[in-house]
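The chain is numbered in sequence order, starting from 1.
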Amino acid sequence: MSKFLIDCDDEIFPADNARALERAMDGFVASDIPLLIEFSFVDEEEIKRLNAQTRGIDKVTDVLSYPTLDNIKGQPIRAADFPYDTDEAGNLLIGSVAVCIERAKEQAKEYGHSFERELHYLLVHGIMHCLGYDHMTDGERAEMREKEELILSKLGITRGDEKGEEQ
(Lines give C-alpha, C1' and ligand atoms only; values in the text may rest on other atoms or scores of the structure.)
Protein backbone atom coordinates (compact mmCIF):
# COMPACT_ATOMS: atom_id res chain seq x y z
CA MET A 1 0.00 0.00 0.00
CA SER A 2 1.21 3.45 -0.80
CA LYS A 3 1.07 6.61 1.22
CA PHE A 4 0.78 9.85 -0.71
CA LEU A 5 2.02 13.16 0.64
CA ILE A 6 1.07 16.51 -0.85
CA ASP A 7 3.21 19.62 -0.63
CA CYS A 8 1.31 22.77 -1.57
CA ASP A 9 0.30 26.32 -0.74
CA ASP A 10 -2.54 26.00 1.74
CA GLU A 11 -3.97 29.42 0.88
CA ILE A 12 -5.24 28.01 -2.42
CA PHE A 13 -5.66 24.37 -1.44
CA PRO A 14 -6.29 24.16 2.31
CA ALA A 15 -4.50 21.54 4.41
CA ASP A 16 -7.77 19.70 5.04
CA ASN A 17 -8.27 19.29 1.28
CA ALA A 18 -4.68 18.13 0.84
CA ARG A 19 -5.06 15.54 3.62
CA ALA A 20 -8.35 14.30 2.09
CA LEU A 21 -6.70 13.93 -1.32
CA GLU A 22 -3.76 12.10 0.28
CA ARG A 23 -6.21 9.65 1.88
CA ALA A 24 -8.08 9.19 -1.42
CA MET A 25 -4.78 8.37 -3.17
CA ASP A 26 -3.50 6.02 -0.44
CA GLY A 27 -3.27 2.50 -1.80
CA PHE A 28 -3.69 3.59 -5.42
CA VAL A 29 -0.14 2.46 -6.18
CA ALA A 30 1.69 -0.47 -4.64
CA SER A 31 4.65 1.15 -2.91
CA ASP A 32 6.87 0.57 0.09
CA ILE A 33 7.87 4.25 0.28
CA PRO A 34 5.84 7.43 0.84
CA LEU A 35 5.15 9.15 -2.51
CA LEU A 36 5.42 12.93 -2.56
CA ILE A 37 3.74 15.24 -5.06
CA GLU A 38 4.17 19.01 -5.24
CA PHE A 39 1.37 21.36 -6.27
CA SER A 40 1.94 24.95 -7.31
CA PHE A 41 -0.71 27.47 -8.19
CA VAL A 42 0.23 30.04 -10.80
CA ASP A 43 -1.24 32.87 -12.83
CA GLU A 44 -1.84 32.89 -16.59
CA GLU A 45 1.48 34.55 -17.37
CA GLU A 46 3.44 31.89 -15.48
CA ILE A 47 1.54 28.89 -16.89
CA LYS A 48 2.00 30.30 -20.41
CA ARG A 49 5.73 30.72 -19.77
CA LEU A 50 6.02 27.17 -18.40
CA ASN A 51 3.99 25.74 -21.28
CA ALA A 52 6.20 27.50 -23.84
CA GLN A 53 9.41 26.56 -22.05
CA THR A 54 8.64 22.92 -21.40
CA ARG A 55 6.24 21.95 -24.20
CA GLY A 56 6.93 24.51 -26.92
CA ILE A 57 3.29 25.67 -26.81
CA ASP A 58 3.01 29.42 -26.37
CA LYS A 59 -0.45 29.63 -24.79
CA VAL A 60 -2.24 29.50 -21.47
CA THR A 61 -3.31 26.06 -20.27
CA ASP A 62 -5.08 24.81 -17.16
CA VAL A 63 -2.62 22.28 -15.73
CA LEU A 64 0.92 21.09 -16.38
CA SER A 65 2.48 17.97 -14.90
CA TYR A 66 6.15 17.23 -14.47
CA PRO A 67 6.69 13.55 -13.61
CA THR A 68 10.06 12.68 -12.09
CA LEU A 69 9.94 8.91 -12.65
CA ASP A 70 9.70 6.98 -15.93
CA ASN A 71 7.80 3.80 -16.74
CA ILE A 72 5.89 3.53 -13.46
CA LYS A 73 2.33 3.30 -14.77
CA GLY A 74 0.66 0.37 -13.05
CA GLN A 75 3.95 -0.80 -11.58
CA PRO A 76 4.88 -1.21 -7.91
CA ILE A 77 7.17 1.57 -6.75
CA ARG A 78 9.91 0.20 -4.53
CA ALA A 79 12.43 2.24 -2.56
CA ALA A 80 15.19 -0.13 -3.68
CA ASP A 81 14.56 0.90 -7.30
CA PHE A 82 15.14 4.58 -6.50
CA PRO A 83 17.92 4.59 -3.88
CA TYR A 84 19.18 8.07 -4.81
CA ASP A 85 15.82 9.77 -5.34
CA THR A 86 14.42 10.10 -1.83
CA ASP A 87 14.37 13.32 0.14
CA GLU A 88 15.75 13.82 3.65
CA ALA A 89 12.51 12.51 5.17
CA GLY A 90 12.60 9.32 3.08
CA ASN A 91 9.87 10.35 0.62
CA LEU A 92 10.05 9.72 -3.12
CA LEU A 93 9.06 12.71 -5.28
CA ILE A 94 6.90 11.45 -8.14
CA GLY A 95 6.38 14.86 -9.72
CA SER A 96 5.10 18.40 -9.67
CA VAL A 97 1.81 19.80 -10.87
CA ALA A 98 1.20 23.46 -11.77
CA VAL A 99 -2.39 24.72 -11.96
CA CYS A 100 -3.46 28.04 -13.44
CA ILE A 101 -5.96 29.43 -10.95
CA GLU A 102 -7.55 31.88 -13.39
CA ARG A 103 -8.07 29.14 -15.98
CA ALA A 104 -9.53 26.79 -13.33
CA LYS A 105 -12.03 29.48 -12.32
CA GLU A 106 -12.97 30.12 -15.97
CA GLN A 107 -13.44 26.41 -16.63
CA ALA A 108 -15.56 25.92 -13.53
CA LYS A 109 -17.89 28.65 -14.76
CA GLU A 110 -17.81 27.33 -18.34
CA TYR A 111 -18.66 23.77 -17.23
CA GLY A 112 -21.23 24.89 -14.66
CA HIS A 113 -19.64 23.52 -11.54
CA SER A 114 -17.75 24.81 -8.53
CA PHE A 115 -14.16 26.04 -8.48
CA GLU A 116 -13.51 23.41 -5.78
CA ARG A 117 -14.63 20.63 -8.13
CA GLU A 118 -12.54 21.97 -11.01
CA LEU A 119 -9.45 22.39 -8.84
CA HIS A 120 -9.75 18.84 -7.50
CA TYR A 121 -10.21 17.48 -11.02
CA LEU A 122 -7.11 19.31 -12.31
CA LEU A 123 -4.99 18.17 -9.36
CA VAL A 124 -6.07 14.53 -9.74
CA HIS A 125 -5.49 14.80 -13.49
CA GLY A 126 -1.98 16.07 -12.81
CA ILE A 127 -1.28 13.28 -10.34
CA MET A 128 -2.35 10.71 -12.93
CA HIS A 129 0.16 12.17 -15.39
CA CYS A 130 2.87 11.94 -12.73
CA LEU A 131 1.97 8.27 -12.30
CA GLY A 132 2.41 7.62 -16.03
CA TYR A 133 -1.16 7.88 -17.31
CA ASP A 134 -1.90 9.83 -20.47
CA HIS A 135 -4.76 10.63 -22.83
CA MET A 136 -3.22 10.59 -26.29
CA THR A 137 -5.46 7.77 -27.58
CA ASP A 138 -9.09 6.92 -26.88
CA GLY A 139 -8.00 3.87 -24.86
CA GLU A 140 -5.54 5.87 -22.77
CA ARG A 141 -8.12 8.61 -22.26
CA ALA A 142 -10.72 6.10 -21.04
CA GLU A 143 -8.24 4.44 -18.69
CA MET A 144 -7.06 7.75 -17.25
CA ARG A 145 -10.61 9.06 -16.84
CA GLU A 146 -11.61 5.88 -15.00
CA LYS A 147 -8.71 6.36 -12.54
CA GLU A 148 -9.54 10.05 -12.08
CA GLU A 149 -13.20 9.27 -11.40
CA LEU A 150 -12.21 6.62 -8.86
CA ILE A 151 -10.17 9.13 -6.86
CA LEU A 152 -12.74 11.92 -7.21
CA SER A 153 -15.48 9.57 -6.02
CA LYS A 154 -13.44 8.81 -2.90
CA LEU A 155 -13.50 12.56 -2.27
CA GLY A 156 -17.26 12.67 -2.79
CA ILE A 157 -16.90 14.51 -6.09
CA THR A 158 -18.80 12.55 -8.73
CA ARG A 159 -20.33 13.17 -12.13
CA GLY A 160 -23.62 15.01 -12.01
CA ASP A 161 -23.48 15.70 -8.27
CA GLU A 162 -24.30 19.00 -6.68
CA LYS A 163 -20.77 20.21 -7.35
CA GLY A 164 -21.28 20.09 -11.10
CA GLU A 165 -21.39 18.10 -14.27
CA GLU A 166 -18.53 16.22 -15.93
CA GLN A 167 -16.30 18.19 -18.23
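- For the pair L21 and F4, the minimum side-chain heavy-atom distance is 4.5 Å or more.
- Using a cutoff of 4.0 Å between basic side-chain nitrogens and carboxylate oxygens, K105 and E102 are not scored as salt-bridged.
- Between the side chain of R19 and the main chain of I6, a donor-acceptor pair closer than 3.5 Å is present.
- Of all non-hydrogen atoms in I33 and I77, the two that sit nearest each other are CG2-O, 4.3 Å.
- Under the 3.5 Å distance criterion, the side-chain polar atoms of N51 are matched with a main-chain donor or acceptor of K59.
- There is a path of hydrophobic side-chain contacts, each under 4.5 Å, that joins I37 to M128.
- Heavy atoms only, all atoms of each residue included: I12 and L119 are closest at O-CD2, 4.1 Å.
- Distance check: K147 NZ to L152 CG gives 14.0 Å after rounding to the nearest 0.5 Å.
- Within the 3.5 Å criterion, the main-chain N or O of I94 finds a donor-acceptor partner in the side chain of T68.
- Across every non-hydrogen atom of I151 and A24, the tightest pair is CD1-O, 3.5 Å.
- With sequence neighbours excluded, the residues forming a salt bridge (charged side-chain N to carboxylate O under 4.0 Å, His left out) with R141 are D138, listed by chain and number.
- Using a 30° and 60° split on the angle between ring planes, Y111 and H113 fall in the parallel class, below 30°.
- Residue C130 comes nearest to V97 through the heavy atom pair SG-CG2, 4.1 Å, listed as atom of the first residue, atom of the second, then distance.
- Here the side chain of D43 pairs no donor or acceptor atom with the backbone of I101 at under 3.5 angstrom.
- With hydrogens and angles disregarded, no donor-acceptor distance shorter than 3.5 Å links the side chain of S96 to the backbone of Y66.
- In this structure, K109 does not pair ionically with E106, as no charged nitrogen and carboxylate oxygen lie closer than 4.0 Å.
- The distance from atom CZ of R78 to atom OG of S31, rounded to the nearest 0.5 Å, is 7.0 Å.
- No donor-acceptor distance shorter than 3.5 angstrom exists from the side chain of D85 to the backbone of L93, with no hydrogens or angles considered.
- Put simply, the side chain of E44 never gets that close to the backbone of C100: no donor and acceptor are under 3.5 Å apart.
- If you chain together hydrophobic residues whose side chains sit under 4.5 Å apart, F41 and V124 fall into the same group.
- Residue L35 is grouped with residue F82 when hydrophobic side chains (ILVMFWY) are merged at heavy-atom distances under 4.5 angstrom, including chains of intermediate members.
- Between R103 and E118 the shortest side-chain heavy-atom distance does not fall below 4.5 Å.
- Counting heavy atoms from C-beta on, the side chains of F28 and I127 never come closer than 4.5 Å.
- The nearest pair of heavy atoms linking A98 to L50 is CB-CD1, 4.2 Å.
- Contact annotation: the side chain of V42 never approaches that of R49 to less than 4.5 Å [non-hydrogen atoms, C-beta and beyond].
- Ion pairing between K73 and E140 fails under the 4.0 Å rule for side-chain N and carboxylate O.
- One distance of note links CG of L36 with CG of D7; it measures 6.0 Å at 0.5 Å rounding.
- Contact check for R23 versus K154: no side-chain heavy atoms found under the 4.5 Å cut-off.
- Checking each of R145, H129, E148, E143 against H135 for a side-chain hydrogen bond (donor to acceptor under 3.5 Å, both in side chains) leaves exactly one that passes, namely H129.
- Residues that satisfy the ring-ring contact (aromatic ring centres under 6.0 Å, His included) test with H120, not counting sequence neighbours, are F13.
- Considering only heavy atoms from C-beta on, F39 stays 4.5 Å or farther from D9 through its side chain.
- In the hydrophobic cluster analysis, where Ile, Leu, Val, Met, Phe, Trp and Tyr join through side-chain heavy atoms closer than 4.5 angstrom, L155 is grouped together with L131.
- L69 and Y133 end up in the same hydrophobic cluster when Ile, Leu, Val, Met, Phe, Trp and Tyr side chains are linked at under 4.5 Å.
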*Apply salt bridge (charged side-chain N to carboxylate O under 4.0 Å, His left out) to the pair E45 and K48, showing each step before the final yes or no.*
CA-CA 5 Å; E45 182 180 318; K48 182 178 179 182; over 6 Å; no
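- For the pair F115 and A104, the tightest heavy-atom approach, listed with the atom from each and the gap, is CE1-CB, 3.8 Å.
- More than 12 heavy-atom neighbours from other residues, nucleotides or ligands sit within 6.0 angstrom of CD on Q53.
- A search for salt bridge (charged side-chain N to carboxylate O under 4.0 Å, His left out) contacts involving R55 returns nothing, not counting sequence neighbours.
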